[in-house]
Structures are given as C-alpha cells and as structure tokens.
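Beneath this line is the structure, given in structure tokens, with notes to follow.
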Amino acid sequence: MRLHDRALQCRVAAASLALSASLILAPGTRAQSLPALPKATPAALPSPTAAPEPVPEAPDSPRASARAFIDLAARKGDFRGAARYLQVPPGEGERGPELARRLRAVLERHLDIDLDALSSLAEGSGQDGLPPGVDTVGNVPDGRVGRDTVFVVRTRDSAGAYWAFSRQTVSRIDGWYDALPDRWVRDWMPDKLQRSGPADLLWWQWLALPVLLFLALAVGRVLGAFTTAFLHRLFRKTPTAWDERLLKRTSPALTFLWAVVVAAALLSRLALLPEAHRSARSLLGGLATLAVFWALWRSVDVWAQFLMERPWAKDNPSARSLLSVTRNLTKVFVATSGVVATLAAFGYPVATVLAGLGIGGIALAFGAQKTIENLFGSVSLAADQPFRVGDFVKIEDFTGNVERIGMRSTQIRTLDRTLVSLPNGKLADMRIEDFASRDRIRFAATVSLVYGTTPAQVRRVVAGIEAMLRENPRVWPDTVVARLAALSPSSLDVEVMCWFETGDFGEFRDLRQEALLGIMRVVEEAGTTFAFPTRTVHVVGPTGT
C-alpha cells in the first residue's frame with residue numbers, strides 16, 4: 001500500500017512537470033499572458049513522430065495467398081497445388097492445373113505483382129472502394145485495346161480461409177493466354193524450361209540465347225561479306241583509291257553492325273518479359289552505337305593517309321607531322337565520344353561523366369595554355385606555310401636555315417652555326433621573310449668612272465653593259481637598267497640593275513660574277529677606267545696664285 005502511494009505521488013509530480021513544460025513551451029497568447037516568462041520558440045524542440053509499426057502478415061491475407069501462388073506456379077512448377085488459388089467454374093476442375101499454368105504465363109508477361117502493395121490483413125484492403133472480401137492485384141491487356149482487372153476474393157475450403165483469383169478472372173485466362181506473343185513456345189516447351197531463371201529470363205530463353213547469338217554472327221558475317229563485295233565492285237569504278245581503303249578498314253565494323261541488326265530482328269522470337277526485353281534492346285542499341293564509332297575510329301587512318309598523299313603535304317614534313325598528331329587527337333576524341341555514347345545507349349546516366357569531362361577540359365585548357373597556343377601556332381604555320389624545312393629565312397633580327405618544324409617549336413640554324421628555337425605560338429605572329437620562295441634575285445651595282453671620261457665614252461659604257469646583260473639568257477628581259485645616275489665628287493656613277501631568273505643563291509653568285517666581269521670588259525673596251533675615291537687640294541698663295 002505504501003508503495004502504491006509512493007507510485008501515485010510520482011505520477012502526480014510527473015504530470016505537474018509536464019503541465020508546466022507545456023505552459024512554458026506553448027505558443028500563442030497563453031505564454032505571453034505570463035509576464036515572468038520569455039516568449040517561447042516553438043521550433044526549438046520539435047517533438048519526434050514515431051514511425052508506424054509494420055502490420056504483421058496474416059496467413060490468410062491477399063499478400064500471403066499471392067505469394068503462395070507465385071511460389072507454387074513460377075518457382076516450383078506445382079500447378080496442381082497452385083490451382084487451389086483459382087475459383088475454377090463448376091465442371092472444369094480437371095482444368096485447374098492448366099489454368100494455373102496459363103495464368104502464370106499471363107502474369108509473367110503483363111503483370112509483375114508487387115506483393116508489398118497487396119494487403120496483409122486477413123479481411124483485405126478496406127480502402128479500395130470494392131465490396132468486402134474483394135481485392136485487386138493489377139491490370140492485364142484484354143487482347144484488343146483495353147485492359148482487364150485481375151480480382152482476388154476471399155474464400156474457404158477444408159484447410160481454412162484464403163484468397164483466390166475470382167471466377168470472373170479465371171474465365172478470362174484463356175483469352176489472355178491466346179493473345180500472348182510466345183504462346184507457340186509455351187504450348188510445346190517442357191514445363192521445367194518455362195520456369196524463371198536469373199535476370200528475369202526463363203530457362204529456355206537462357207538456352208536459346210547462345211543459339212540466337214550464333215545465328216546473328218553467322219548471318220551478319222554473310223551479309224557483311226555480301227555488302228563488302230557489292231561496295232568493292234562499285235568502288236572499283238571510281239578513279240580514287242581512298243574509298244576502297246575505307247571499305248577495307250571499316251568492313252569488320254560493318255559485319256558487326258549487321259550481326260547486331262540480325263540479333264535485334266531475332267530478339268522478338270525469344271518473347272522476353274517486358275523488363276528483360278527493354279534491357280536487351282538497350283544492350284543492342286549500345287552495341288550498334290559501338291559499331292558505328294568503331295567504323296569512325298578506323299576510318300580516321302584512311303583520311304589521314306589520304307591527306308598525307310596530297311601534294312601540299314607530301315613534300316612538307318611539318319604538315320605530315322601535324323597530320324599525324326591531328327590523327328591521334330581525332331582518334332582519342334572519337335574513342336571518348338564512342339564510350340560516352342555507348343554508355344548512354346546502355347542506359348547509364350552520362351550527365352556526371354560529361355560534367356567531369358567539361359571540368360577536366362577547362363582545367364586542362366588553363367594548365368596547358370602555352371602548349372595549346374603553340375599547337376595552334378603549328379596549325380597556323382602548317383596551313384599558311386610561310387617556310388619549309390631547309391629554307392633560308394629572315395625572322396626579325398636574325399637569318400638562317402630552317403632545320404626542324406615541330407609541334408611546339410621551330411629550330412633555325414643561323415649563319416654563325418647556332419641553333420635558335422622559337423615557339424610556334426610566337427613565331428606565327430612574327431614577320432617572316434623567306435628567301436627560298438623567290439623566283440628571281442635582283443642584281444644591283446654602281447659603276448664609278450673616272451672624271452675625264454667623255455660623254456661618248458659614257459654612252460658606250462652604258463650601251464655595252466645593257467647589251468651584255470640582255471645577251472645573258474638568265475636575265476629577266478622586262479627590266480634591265482644601265483644609266484648614268486650621278487656626278488659624284490670623285491667619279492661618274494652608272495647605275496646597273498637587273499633580275500636573274502633563279503631562286504638558288506649559289507647560282508646567283510656565279511651569274512653575278514659573270515656580270516661583273518662583263519662590266520669590266522665593257523669599261524676597258526670603252527677606253528676609260530674605274531674611279532677610286534680621290535680628293536684634289538688646291539693651295540692658294542698670298543697673292544692668290
């Protein structure tokens with residue numbers, strides 16, 4: 001009794017504390033009416049909500065009965081035992097196992113029963129608007145354009161109460177079964193092979209998959225060979241050779257693509273379940289995408305070889321080097337795009353992969369800014385071709401021969417035999433003078449005659465020099481100049497200029513020597529001589545004499 005009083009006192013104290021706490025924490029005017037208490041913050045102490053306890057599954061609930069039917073019909077193949085869960089019309093009891101087998105085929109094809117969605121109560125779901133003792137497990141196509149509802153009803157036999165598929169549902173099983181696309185297989189296939197196996201495939205489908213793959217590869221090989229032979233015969237009539245090379249390189253990918261097409265055509269004969277059929281279609285779509293990018297990847301070599309055989313690249317080592325690097329970069333781009341596209345076709349989310357590639361590309365662009373600048377500079381040099389390897393060039397303040405044109409820099413051997421390396425990014429912006437591209441080389445000289453040379457002698461010298469130059473077959477005839485140009489302090493200056501039609505500076509030296517020797521002969525034949533710098537000083541005495 002004393003213990004009872006003490007327990008009662010504890011309960012009263014706990015109730016008082018709870019009431020005080022509720023007054024302190026309660027929002028609104030009640031907390032504000034107490035001047036000694038601060039304003040309450042309702043969100044400070046949220047009250048936790050207890051999760052509802054799961055309802056135990058009753059052994060005579062719709063969920064338990066559906067589970068038993070699936071276990072007997074789909075997993076164990078015990079159709080006689082599964083027939084208990086069908087309300088077979090009177091007089092058709094012997095068809096119970098056959099109807100159970102057909103219903104299993106219909107459910108496998110059109111309805112994946114979600115056991116967790118079915119009621120676990122013995123009386124079923126009372127919130128679906130159906131009469132008591134009636135529940136639904138889903139909908140299946142009616143074989144035309146509509147859908148039929150699959151009902152289960154509560155029933156009882158000598159073993160006790162349970163739920164079974166309604167008589168209305170059982171009466172429609174034959175119609176549903178006749179509309180199945182794989183009915184022709186299920187009618188003669190042994191029942192053991194019609195049981196479910198891994199990955200939502202029936203065992204007979206697993207056995208048929210290797211046969212389908214073998215047929216697809218065999219037929220694809222035949223179709224690929226036929227297509228290759230037809231295109232080869234067609235391409236032989238064209239004047240170019242790159243199309244035959246392209247066909248030879250891409251024929252394996254073409255054969256593989258034909259095999260994928262044949263496999264897609266034969267896939268319907270397997271009558272896969274909807275989910276497995278979608279997975280198989282995604283797989284074949286990914287393989288077809290892979291075949292296309294495989295063909296693109298192999299065709300890059302053909303196009304690179306075709307461009308390297310062009311006249312502008314055949315004799316240009318820098319262009320060939322650039323094409324080689326471009327080919328490798330293109331193959332990397334095609335391979336990366338192929339992997340991403342194939343993963344997308346397989347159904348994998350590639351948004352994160354693309355975002356990662358974008359961030360990586362930005363980081364690479366910032367980190368390799370100079371390298372990319374030099375790469376584009378080499379592209380610009382290969383496109384414009386301001387010089388070639390071996391050319392004698394003048395760049396800004398130095399001259400020399402071009403020894404190597406790389407992807408990053410260009411090396412020039414100067415006249416002092418030093419090697420200068422210039423980044424291609426900067427070289428593309430410099431002023432470049434290429435002497436090797438000259439079609440003519442100018443010859444210019446000043447012939448100084450002594451004072452005392454008569455005008456007649458000057459005329460003979462001018463006429464003789466012009467005639468001597470015009471007689472030379474390597475002199476460009478449009479411009480030949482030999483004229484008296486100036487009366488210098490110590491000489492009479494004759495301007496001589498012409499163009500030798502050669503781009504080789506060594507040959508120009510020989511032509512220039514012959515021209516100078518000819519000028520000496522003309523001056524000597526005219527009876528005068530060359531002047532040299534002199535200065536005459538006149539001394540005047542006091543008397544002016």
Distance in Å, [X] [atom1] paired with [Y] [atom2], rounded so as to fall on 0.5 Å steps:
| X | Y | atom1 | atom2 | result |
| --- | --- | --- | --- | --- |
| E244 | L234 | CD | CG | 10.0 Å |
| F256 | L217 | CZ | CG | 8.5 Å |
| L118 | S120 | CG | OG | 9.5 Å |
| D434 | F387 | CG | CZ | 8.0 Å |
| R63 | D114 | CZ | CG | 9.0 Å |
| L419 | Q411 | CG | CD | 4.5 Å |

Please determine whether side chain to side chain donor-acceptor pair (under 3.5 Å) holds for the pair S282 and S279, giving the CA-CA distance in whole Å, both sets of side-chain angles, and the decisive distance to 0.1 Å. CA-CA 5 Å; S282 299; S279 301; over 6 Å; no

[Y]/[X] salt bridge by N-O under 4.0 Å criterion:
| X | Y | result |
| --- | --- | --- |
| R154 | D60 | yes |
| R95 | D174 | yes |
| E98 | R101 | yes |

Which heavy atom in [X] sits nearest to a heavy atom in [Y], and how many Å separate them?
| X | Y | answer |
| --- | --- | --- |
| A82 | A73 | CB-CB, 4.0 Å |
| L111 | V137 | CD2-O, 3.7 Å |
| A58 | A122 | CB-N, 3.8 Å |
| T250 | A295 | CG2-O, 3.6 Å |
| V88 | G96 | CG2-CA, 4.1 Å |
| P97 | F79 | O-CB, 3.5 Å |

With V260, the side-chain contact (heavy atoms from CB on, under 4.5 Å) member among T289, L287, L290: L287

Taking [X] for the side chain and [Y] for the main chain, is one N or O donor matched with an acceptor at less than 3.5 Å?
| X | Y | value |
| --- | --- | --- |
| R147 | N139 | yes |
| S299 | L296 | yes |
| D391 | V393 | no |
| T227 | G224 | no |
| R413 | R417 | yes |
| S171 | Q168 | yes |
| S337 | V334 | no |
| T136 | G138 | no |

Decide if atom [atom1] of [X] counts as having more than 12 heavy atoms of other residues, nucleotides or ligands within a radius under 6.0 Å.
| X | atom1 | result |
| --- | --- | --- |
| R438 | CZ | yes |
| R281 | CZ | no |
| F333 | CZ | no |
| W294 | CH2 | yes |
| R80 | CZ | no |

Do [X] and [Y] have side chains that approach each other closer than 4.5 Å (heavy atoms only, starting at C-beta)?
| X | Y | value |
| --- | --- | --- |
| N401 | F435 | no |
| V153 | Q87 | yes |
| Q305 | R327 | no |
| L427 | I432 | yes |
| T330 | W297 | no |
| E403 | I412 | no |
| V402 | T410 | yes |
| L115 | I70 | yes |

Set out, in order, the CA-CA distance, both residues' side-chain angles and the distance that settles side-chain contact (heavy atoms from CB on, under 4.5 Å) for L180 and H110, then state yes or no. CA-CA 9 Å; L180 291 178; H110 298 301; 3.5 Å; yes

Cation-pi between R245 and F306: NZ/CZ under 6.0 Å from ring centre and within 45° of the ring axis?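 No, R245 does not sit over the ring of F306.
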
Donor + acceptor pair across side chains of [X], [Y] (<3.5 Å):
| X | Y | value |
| --- | --- | --- |
| W176 | D148 | yes |
| N424 | S409 | no |
| D135 | S125 | no |
| W163 | T155 | no |

Does L121 form a side-chain contact (heavy atoms from CB on, under 4.5 Å) with S61? I'd like the steps, not just the answer. CA-CA 5 Å; L121 303 177; S61 63; 5.6 Å; no

L99/V170 under side-chain contact (heavy atoms from CB on, under 4.5 Å): CA gap, chis, key distance, verdict: CA-CA 8 Å; L99 292 173; V170 173; 3.7 Å; yes

Using side-chain hydrogen bond (donor to acceptor under 3.5 Å, both in side chains) as the criterion, list what pairs up with D397, not counting sequence neighbours.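 Here no residue qualifies.
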
Can you tell me how the ring of Y85 sits relative to the ring of F69, calling it parallel under 30°, perpendicular over 60° and tilted otherwise?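 Plane angle over 60°, so perpendicular.
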
Given D71 and K76, is the side-chain contact (heavy atoms from CB on, under 4.5 Å) satisfied, shown in steps? CA-CA 6 Å; D71 183 65; K76 298 180 180 179; 3.0 Å; yes

Go through the steps for K331 and D301 under the test salt bridge (Lys or Arg N to Asp or Glu O under 4.0 Å), then give the verdict. CA-CA 9 Å; K331 294 180 74 171; D301 294 331; 3.4 Å; yes

